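Keep in mind it's a predicted model, so treat the numbers as computed, not measured.
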Amino acid sequence: MISSVSLTEQHNVQQILALDARYNNNRNTAPHIKTLYMRRRSQLLREKSDRDKYFQLRAKLLSSKYPSVLTPSDYRSSSRTGSQHSRTCSMDSLDLILPAAGAGTPQTGRRKVRGHLPPNRGSTADKDSYAFTDMPHIFDQHSKAVRLVRFAHNSCSLLACCSDDFTISLSSLAPYAVKCVLVGHTGPVRDMDWSIDNSSLLSASVDGTARLWSCDSGTCIRTVTSSHPLTAVRFQPMNNNVCVAGDEEGILRGYNLSTGKPLSGSRERVSNSLTCLEFGPNSSILWASNNKGQIFSVSVNMLTCQLKRLKVTSVPGGGSVVSLAVRAGHPSPLLLASSTSDLIFMFNIHKDGLLLVRKCSAKLNGLPIRSVFCPIATAQRGAFIVTGCADGSVLVFDMEKGKAVNKLQGHSCPVYGVCLSYDESILISSDSAGTVIVWRKR
């Protein structure tokens with residue numbers, strides 16, 4: 001179990017940013033003023049000249065205004081100038097559960113880990129590789145929780161966010177601007193997926209519809225209707241004219257997006273309420289999870305989209321599986337699953353079955369908090385993940401070595417969604433209040 005980790009002075013900056021975010025919503029200013037304020041704060045904290053003096057003065061002002069709320073850790077700052085040092089920061093929001101080193105049997109109360117991870121080809125997981133200390137922009141176009149954020153394929157500048165306020169937004173990161181807001185759903189949007197050429201976006205809502213949107217015009221091209229609330233949807237990777245959607249009754253169904261009609265023979269009842277869908281690397285296996293802590297493998301015929309349930313894996317601890325992520329790895333692909341039982345699991349994918357590799361605990365508090373793979377690191381050096389937490393932090397974690405690489409603090413409420421650009425230069429996080437933060441490496 002990891003109880004603490006030595007972090008660099010960047011966390012002094014993040015503590016201040018977290019404090020600002022906590023009180024930012026209480027300021028009686030226009031939304032664009034709040035955003036400009038946070039950007040200016042980030043810029044000031046990168047200038048080392050008067051940083052210590054600024055920290056001390058700011059601490060006095062805040063302690064006089066919020067004496068009953070602030071604690072010394074909220075405004076602790078560096079007292080040494082011109083030198084690099086570290087301090088201990090509590091990391092009890094993420095505890096790794098592993099067998100004892102060199103032991104033939106697991107420790108009492110701990111599960112023996114099976115399977116294997118890709119070899120770690122780097123000497124260390126440098127903290128600088130995930131030092132997302134720059135906060136260049138904050139999006140606040142949504143009025144309710146943003147559950148999912150996704151970059152377009154192979155893009156660092158086009159971002160989609162789906163929200164409980166019934167809308168999806170498309171935003172540009174070069175320059176920072178909201179391109180359009182997709183309006184049409186009459187219930188919270190639970191899932192979305194980019195087409196292979198990024199020209200369209202597919203969304204699923206509890207209003208019982210899946211909608212196909214044009215990313216250029218922002219209009220709805222096609223609406224697919226289900227008799228039950230839809231919770232997950234995916235394009236068929238080899239044919240974006242076909243999609244697979246899952247609903248709260250545990251039914252998977254394929255649809256023709258040209259007509260909006262269900263495909264004949266493309267229906268499979270899995271079990272309980274479906275929560276997530278994710279295609280495997282070969283596109284012929286679809287992974288589906290439900291609210292009972294189960295992950296199913298489903299075969300998908302590439303021509304007819306006929307569905308057939310194969311195997312089921314129950315995750316330890318039960319709870320609802322709230323996110324799935326698949327990443328190609330060596331010698332076998334990996335699947336990442338987050339559960340409301342405060343556990344994150346990593347599996348090796350062997351054909352149509354799963355083999356547990358690692359599991360760790362995180363402060364999820366039963367919330368639908370997602371985790372994702374770091375695309376480059378997982379393919380080259382080992383298994384790295386990013387996850388949100390109920391305490392408002394974002395964690396970058398090395399699953400193989402069992403240690404946190406970075407802890408980002410900028411949200412004032414639980415972080416639901418996270419995603420990384422394909423080159424790992426940008427990290428996006430979203431929270432239960434609808435705030436979306438852009439993090440960049442310095």
| Would Asp423 and Ser425 satisfy side-chain hydrogen bond (donor to acceptor under 3.5 Å, both in side chains), going step by step from the backbone distance to the final call? | CA-CA 6 Å; Asp423 62 356; Ser425 63; 2.8 Å; yes

| Any donor-acceptor N or O pair under 3.5 Å, side chains Thr225, Thr209 | no

| Closest contact, heavy atoms only, Val372 versus Cys419 | CG2-CA, 4.3 Å

| request: Check the pair Thr275 / Thr231 against side chain to side chain contact (heavy atoms under 4.5 Å, CB included), numbers first and verdict last. | output: CA-CA 6 Å; Thr275 54; Thr231 54; 5.7 Å; no

| query | Of Val436, Val178, Ile428, Val181, which meets side-chain contact (heavy atoms from CB on, under 4.5 Å) against Ser171? | reply | Val178

| Spatial distance of atom CD1 (Ile385) from atom CD1 (Ile344) [nearest 0.5 Å] | 4.5 Å

| Is there a donor-acceptor pair under 3.5 Å between the side chain of Ser172 and the backbone N or O of Leu158? | no

| Sequence neighbours excluded - salt bridge (charged side-chain N to carboxylate O under 4.0 Å, His left out) pairs with any residue from residues 244-258 | none

| request: Would you give the length of the straight line joining atom OG of Ser371 to atom CE of Met346, rounded to the nearest 0.5 angstrom? | output: 8.5 Å

| task | Please determine which of Ser199, Ser200, Ser203, Ser195 meets the side chain to side chain donor-acceptor pair (under 3.5 Å) test together with Trp213. | result | Ser203

| note | Smallest heavy-atom separation, Ser323 atom then Ile369 atom, equals OG-O, 4.4 Å

| request: Provide the closest heavy-atom pair for Leu395 versus Cys389 in the form atom of the first, atom of the second, distance. | output: CD1-SG, 3.6 Å

| message | Ring-plane angle category for His411 and Trp439, please: parallel below 30°, perpendicular beyond 60°, tilted otherwise. | response | tilted

| Yes or no on side chain to side chain contact (heavy atoms under 4.5 Å, CB included) for Leu324 and Leu277, after CA distance, side-chain angles and deciding distance? | CA-CA 7 Å; Leu324 293 177; Leu277 298 176; over 6 Å; no

| query | If you measure from CG on Leu354 to CH2 on Trp287, what distance do you get to the nearest 0.5 Å? | reply | 4.0 Å

| query | Between Ser361 and Leu343, is there a donor-acceptor pair closer than 3.5 Å when you use the side chain of the first and the backbone of the second? | reply | no

| said: What's the separation between atom OG in Ser266 and atom CG in Asn301, rounded to the nearest 0.5 Å? | reply: 9.5 Å

| query | At their closest point, which heavy atom of Arg309 faces which heavy atom of Ser271, and how far apart are they? | reply | NH1-CB, 4.3 Å

| note | All heavy atoms of Arg222 vs all of Thr259, minimum pair found to be CD-C, 4.1 Å

| Nearest-0.5 Å distance that lies between atom CG in Asn272 and atom CG in Leu274 | 8.5 Å

| remark: Heavy-atom closest pair (Leu201 atom, Met192 atom, distance to 0.1 Å) is CD2-SD, 4.3 Å

| field | Test salt bridge (Lys or Arg N to Asp or Glu O under 4.0 Å) applied to Asp164 and Arg147, step by step | value | CA-CA 7 Å; Asp164 284 357; Arg147 294 177 178 265; 2.8 Å; yes

